[in-house]
Amino acid sequence: MKTTVRPMVARDKPTIMDMLRAIREFTSEEVAVAEELIDAYLEDASSSGYLVFVAEVNSVVTGYVCYGPTPLTKGTWDVYWVAVDPGGQGQGVGRALMAFAEGKIKESQGRLVIVETSGRPDYDKTRRFYTSLGYKVAARIVGFYSPGDDKLILEKHLAQTRGAKRPFARS
Ligand SMILES: CC(C)(COP(=O)(O)OP(=O)(O)OC[C@H]1O[C@@H](n2cnc3c(N)ncnc32)[C@H](O)[C@@H]1OP(=O)(O)O)[C@@H](O)C(=O)NCCC(=O)NCCS
């Protein structure tokens, strides 16, 4: 299995939208918000504040990641969405997307990555995914999304590498 990661382009959008709609964990409202971020990126990548990359497995678009620098911070970045087609999950595609995003963030002198996720039981697998990548629970807001549905804020401090580009660059 050959996985490659490349910037998202407009012709990827139907595949990504089909994938988002097929993921049981996502509500239609969440899919709509994910689409807004994708559209902002496709319309004007440099001013949107978002970066979107897709993973291709054997040339088929199978997942995507959307992340960006957190406004008003120095070196903190948010991963807003990462998703893999249900048929392609559990085969390392999500890990490859996160490794790619973290590598790009480090190149831009990013030092801290934040992910928000749900505490609901159906997000157990997602939490295990982030834990396996070194993310730690920084905070839990009880009942944030709805009664009984907590928000978990996960953090990962990135080790700096030599040869990083501009300090706190935005892309
Ligand atoms: C969460 C998600 C992005 C992970 O992507 P993936 O390609 O399925 O995950 P990977 O195969 O790269 O797994 C990486 C690690 O996560 C953990 N993991 C993934 N799936 C798992 C499962 N079903 N059970 C337990 N651990 C799991 C493992 O530790 C795995 O490490 P390993 O490969 O060394 O065993 C993907 O499953 C997904 O899209 N889920 C639904 C949407 C979602 O919850 N997105 C995140 C919130 S925005």
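Order of appearance sets the numbers: ligands from 1, and atoms from 1 within every ligand. Just so it is clear, the structure is predicted and the values come from calculations on it, not from any experiment.
- Counted by atom type alone, Thr70 and Asp78 present one or more donor-acceptor pairs between their side chains at under 3.5 Å.
- Of the protein's non-hydrogen atoms, Gly94 N, 2.7 Å is the one closest to atom 7 (O) of ligand 1.
- Heavy-atom contacts of Tyr130 reach the following atoms of ligand 1: 46 (C), 47 (C) (cutoff under 4.0 Å).
- Residue contacts with ligand 1: Thr117 is excluded, as none of its non-hydrogen atoms falls under 4.0 Å.
- Residue contacts with ligand 1 for Ile23 involve side-chain atoms from C-beta outward but no N, CA, C or O (heavy atoms, distance under 4.0 Å).
- Put simply, atom 38 (C) of ligand 1 has protein non-hydrogen atoms near it, under 4.0 Å away.
- Residue-to-ligand polar distances place Val84 within reach of ligand 1: an N/O pair is separated by less than 3.5 Å.
- Residue Gly90 places at least one N or O, backbone or side chain, under 3.5 Å from an N or O of ligand 1.
- Contact annotation: for Tyr64 versus ligand 1, there are no heavy atoms closer than 4.0 Å.
- Between the choices Lys125, Arg127, Glu25, the shortest heavy-atom distance to atom 27 (C) of ligand 1 belongs to Lys125.
- From the protein, the heavy atom lying nearest to atom 1 (C) of ligand 1 is Phe129 CD2, 3.8 Å.
- Linking ILVMFWY side-chain heavy atoms closer than 4.5 Å, directly or via other members, places Trp81 and Val113 in two distinct hydrophobic clusters.
- Evaluated for a ring pair (Phe, Tyr, Trp, His ring centres under 6.0 Å) with Tyr80, the options Tyr41, Tyr50, Tyr64 yield exactly one hit, Tyr50.
- Within the listing of ligand 1, atoms 10 (P), 11 (O), 12 (O) sit less than 4.0 angstrom from a heavy atom of Gly92.
- Within the set Leu97, Val82, Thr126, the minimum heavy-atom distance to atom 45 (N) of ligand 1 is found for Val82.
- The proximity of Gln89 to ligand 1, defined as any non-hydrogen pair under 4.0 Å, involves the side chain as well as the backbone.
- For atom 35 (O) of ligand 1, the protein comes within 4.0 Å by no heavy atom at all.
- In this structure, Asp150 contributes its side chain and Gly143 its backbone to a donor-acceptor pair below 3.5 Å.
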